[in-house]
Undergrad: 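Below is a structure I'd like to ask you about.
Because the structure is a prediction, the values reported are computed rather than measured. Whatever order the structure lists ligands and atoms in, that order sets their numbers, starting from 1.
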Amino acid sequence: MSVKSNKIKIAFFDAKPYDIETFNNLIPNYDVEIKYYKHLLDINTASLAKGADVICTFVNDKIDKNIIDFLVENEIPLVAQRSAGYNNIDLKYARRKIHVVRVPAYSPNAVAEHALALMFTLNRKTHKAYNRTRDGNFSLVGLTGFDMKGKTIGIIGTGNIGKILAKTALGIGMKVIAYDAFPDKKFEEDTGLQYTSLSNLVKTSDIISLHCPLTKDTFHMIDEEAISSMKNRVMIINTSRGALIDTRALINGLKTEKIGFAGLDVYEEEDKYFFEDFSDRIISDDQLARLLTFKNVLITSHQAFLTREALDQIAITTLENITGFFKNNILKNEICYQCGAPVCNKKVKGKCF
Ligand code: NAI
């Protein structure tokens, strides 16, 4: 694939100061030129990419049919996604029209550690203690937690992140059960985690942590019915994708106190709010506003990935993906152009379609 001029021109959407700093540090090592745009990619901002060779996008840039048509019309052959998740891209429509590369793993530790941070904070209420003591309030009333040791954590999705969380939870003496569409039996044998059905996990866990991708099969996997079968005062942690949980059902579960704690790094409608400063504006999303009123809900705005190590890894892999594409290298991080699979075994064997 050839570039439009001597350097690869990258139109970089949803650029944050920490992205710009990290990518700028690496630019001297690559034959690329980056134009940073703070805007999300949509049909109104897409024209900024005219003349570019590649668009570089993040989780809330919507690459839908209109954008894909725009890319084809403007001879922009490549989307370089700066994340592992790719549910923001209409892959079905993209097949055989544009190429998509992503960063399959940058720091699974960062996300697993953030999930743990949410659990520990909700349980031991250190966020409340911080505010109290700064205000001269040294009372302990209302701060009682529980020992994590001996409790059951149910991990949904035992990929890179779920596995790290499982090992850490086992390390602090928790019982770890898991559900995965493709269970890793060797991991089960090696670690002492036990795979079970989704319904049993949901029924028997004290803490449920979500680590599977958002697909049509996992959309709203935590719904009214699942919540009704959970233990009373269950803790739900979601650092994966917002739409794994039906927010309306979550709010009902919190109102009836079925759900004792919710730690959310992601939210179904997050693209309108997350990553932006709304501190002097009105939040018109009633569900988000309601979630923020619960004392036992802790929301972070999709920051689980945000460590120095992860940012460096995202930038390196993205630049390697982009430059590799224009050198016509075989790309291990490409979502299959022919069949749309994130890891296409057929392609590895050289005969996908
Ligand atoms: P991974 O691909 O290594 O693991 C995903 C696991 O989910 C796999 O074991 C897979 O078999 C399983 N799975 C697939 N479909 C399933 C289903 N229907 N039911 C149950 N399990 C299913 O992914 P990784 O790196 O562990 O990431 C997990 C998710 O975390 C990503 O999909 C992404 O949405 C999210 N994420 C969030 C970040 C954040 O900053 N909050 C950062 C990075 C990832």
Undergrad: Write out all pairs satisfying salt bridge (Lys or Arg N to Asp or Glu O under 4.0 Å) with one or both partners inside residues 238-249, taking only residues at least two apart or from two chains.
TA: Glu224-Arg248, Asp246-Arg248
Undergrad: With sequence neighbours left out, write down each residue that passes side chain to side chain donor-acceptor pair (under 3.5 Å) with Asp69, or none if nothing qualifies.
TA: Tyr93
Undergrad: Answer with yes or no after comparing the ring centroid distance for Phe13 and His39 against a 6.0 Å cut-off, counting only values under it.
TA: no
Undergrad: Validate the cation-pi geometry between Arg233 and Phe261: distance from NZ or CZ to the six-membered ring centre under 6.0 Å, angle to the ring axis within 45°.
TA: yes
Undergrad: List the residues meeting side-chain contact (heavy atoms from CB on, under 4.5 Å) with Glu225, not counting sequence neighbours, and say none if there are none.
TA: Asp223
Undergrad: With Arg82 as the cation and Phe12 as the aromatic partner, state whether NZ or CZ is under 6.0 Å from the six-membered ring centre and within 45° of the axis.
TA: yes
Undergrad: Identify all pairs of nitrogen or oxygen atoms, one from ligand 1 and one from the protein, separated by less than 3.5 Å, and list them with distances.
TA:
from	atom 1	to	atom 2	distance (Å)
ligand 1	3 (O)	Asn160	N	2.9
ligand 1	3 (O)	Asn160	ND2	3.1
ligand 1	9 (O)	Gly159	N	3.3
ligand 1	9 (O)	Asp180	OD2	2.6
ligand 1	11 (O)	Asp180	OD1	2.6
ligand 1	21 (N)	Ala181	N	3.3
ligand 1	26 (O)	Asn160	N	3.3
ligand 1	26 (O)	Ile161	N	2.9
ligand 1	30 (O)	Ser240	OG	3.4
ligand 1	34 (O)	Ser240	O	3.4
ligand 1	34 (O)	Arg241	NH1	3.3
ligand 1	40 (O)	Phe305	N	3.1
ligand 1	41 (N)	Thr239	O	2.9
ligand 1	41 (N)	Asp265	OD2	3.0

